[in-house]
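Note sheet for the following structure.
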Amino acid sequence: GHGQRVSGLRPDRWVEHLVDPSSEASASSEAPPPLTPEQSDALTQAEARRNAFAGAAKWASFNGWSIAIFAGLTLLFGLGLFDPVSLGLGVGMAVVAKNEFKGRDGIRQIDPQGPELLWRNQIGLGALIAVYCLWSIYRVAPVEPDPQVADLMELLGSDADQLLGSLSGLLGSDTNQLMRSATLTVYKVVIGVTALAQGLMARYYYLRVAAIEEYRSDTPAWVMELHR
C-alpha cells in the first residue's frame with residue numbers, strides 16, 4: 001500500500017516524496033533499500049524529542065483563540081460604556097492573541113524563537129491584567145460606588161438593584177458598600193489567579209525553548225524535514 005511504499009524509502013527519498021508525491025512512481029521503480037536500523041533509531045529518537053515540545057503549539061492555539069474572544073468582548077464592553085481603559089485592555093489582549101498565533105507557528109517550524117515569544121507573551125498578559133486590576137482598585141477606593149460597576153448596574157436594570165438591595169438587607173450593609181467590597185475582592189482574586197496561571201504558562205513555554213534547541217542539535221536534517 002501507500003504507507004508500505006513510503007516506509008521503504010531512503011531518507012532522501014522520504015523528503016522527496018513529501019515534497020513531490022509524483023516522485024513515488026520513480027522511487028518505487030528504482031526499488032530503494034529500506035531504512036537501516038541506525039536510521040530507524042534516529043527517527044524514533046527524534047520523535048521522542050519532538051514530543052517534548054509539539055504539544056505547546058496546541059496550547060498556544062487554544063490560548064490565542066481564547067484571548068482573542070475575550071479581547072473582542074472587552075472591546076465591545078469598552079465601546080458600550082465609552083471606557084478608554086477597557087478599550088486599551090482590549091487592544092492589548094488582541095496583541096497578545098496575535099503573538100500566541102505567531103509563537104505557535106514558530107513551534108510548528110521547530111524554531112526556538114516560537115516558545116521564546118510565547119513565554120514573554122504570557123508575562124506581558126499577566127502584567128496587562130494586573131495593571132488593569134490595580135487601576136480599577138485605585139478607582140474604586142475613593143469613590144462609592146465604582147463608576148464601572150454603576151454603569152453596568154444601570155445597563156442591567158431594576159432587577160439587579162432589587163437583588164443587591166435584598167443582599168444588603170441580609171448582610172447588614174448598604175448597597176454601595178457591598179458593591180465596593182465585592183468589587184475590590186474580585187480584582188484582588190483576579191490578580192492572584194492571573195499571576196499563578198500566567199506564571200505557570202510562562203514556565204511551560206520557557207522549558208520548550210531548550211527542548212527545541214536540543215532537538216535541532218541532535219536530529220539529522222532529513223528527519224527535521226519530515227517533521228516540518
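Residue L43 holds its CG atom at 5.0 Å from CH2 of W222, rounded to the nearest 0.5 Å. Taking CG of N121 as the reference point, atom CG of L128 lies at 10.0 Å (rounded to 0.5 Å). Rounded to the nearest 0.5 Å, atoms OG1 (T219) and CD (E47) are 9.5 Å apart. Taken from CZ in R50 to CD1 in I212, the straight-line distance is 10.5 Å, to the nearest 0.5 Å. We find the CG-OG1 distance between L125 and T194 to be 7.5 Å, quoted to the nearest 0.5 Å. Taken to the nearest 0.5 Å, the CE atom of M224 stands 11.0 Å off from the CG atom of D218.
Here the closest non-hydrogen pair linking A56 and Y205 is O-CE2, 3.9 Å. Closest heavy-atom contact between G126 and Q198: N-CG, 3.7 Å. Considering all non-hydrogen atoms of both residues, A71 and G90 come closest at CB-O, 3.6 Å. Across all non-hydrogen atoms, the minimal contact from T74 to M93 is OG1-SD, 4.0 Å. Between L87 and G78 the shortest heavy-atom distance is CD2-C, 3.8 Å. For C133 against I191, the heavy-atom pair with the smallest separation is CB-CG1, 3.5 Å.
Between the side chain of S61 and the backbone N or O of A57 there is no donor-acceptor pair closer than 3.5 Å. The main-chain N or O of I110 is found under 3.5 Å from a side-chain atom of R216 such that the two form a donor-acceptor pair. For the pair Y215 (side chain) and A52 (backbone), a donor-acceptor distance under 3.5 Å is absent.
Note: the hydrophobic cluster containing L117 does not contain I107 (ILVMFWY, side chain heavy atoms under 4.5 Å, direct or indirect links). In the hydrophobic clustering of this structure, V193 does not group with L200; members are Ile, Leu, Val, Met, Phe, Trp, Tyr whose side-chain heavy atoms approach within less than 4.5 Å, directly or through other members. The hydrophobic cluster containing I129 also contains F70, counting ILVMFWY residues as joined when their side-chain heavy atoms lie under 4.5 angstrom apart, directly or transitively. Under a hydrophobic clustering in which Ile, Leu, Val, Met, Phe, Trp and Tyr are joined whenever their side-chain heavy atoms come within less than 4.5 Å, directly or via other members, I69 and V91 fall into different clusters. Residues I67 and V95 do not share a hydrophobic cluster, clusters being chains of Ile/Leu/Val/Met/Phe/Trp/Tyr side chains in contact below 4.5 Å.
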Practice problem: List the steps and the verdict of ring-ring contact (aromatic ring centres under 6.0 Å, His included) for W135 and Y138. | Solution: CA-CA 5 Å; W135 169 251; Y138 171 78; 5.6 Å; yes
Quiz item: Should Y204 and W119 be marked as a ring-ring contact (aromatic ring centres under 6.0 Å, His included) after you check the CA-CA gap, both sets of side-chain angles, and the distance that decides it?
Solution: CA-CA 8 Å; Y204 172 79; W119 79 259; over 10 Å; no
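Sparse packing is recorded around OH of Y206, with 12 or fewer heavy atoms of other residues, nucleotides or ligands lying under 6.0 Å away. A 6.0 Å sphere centred on CZ of R203 holds no more than 12 heavy atoms belonging to other residues, nucleotides or ligands.
Residues L118 and N99 have side chains not in contact (no heavy-atom distance under 4.5 Å, counting atoms from C-beta outward).
At a threshold of 4.0 Å, the pair E100-R104 does not count as salt-bridged, since none of the basic side-chain nitrogens sits closer than that to a carboxylate oxygen.
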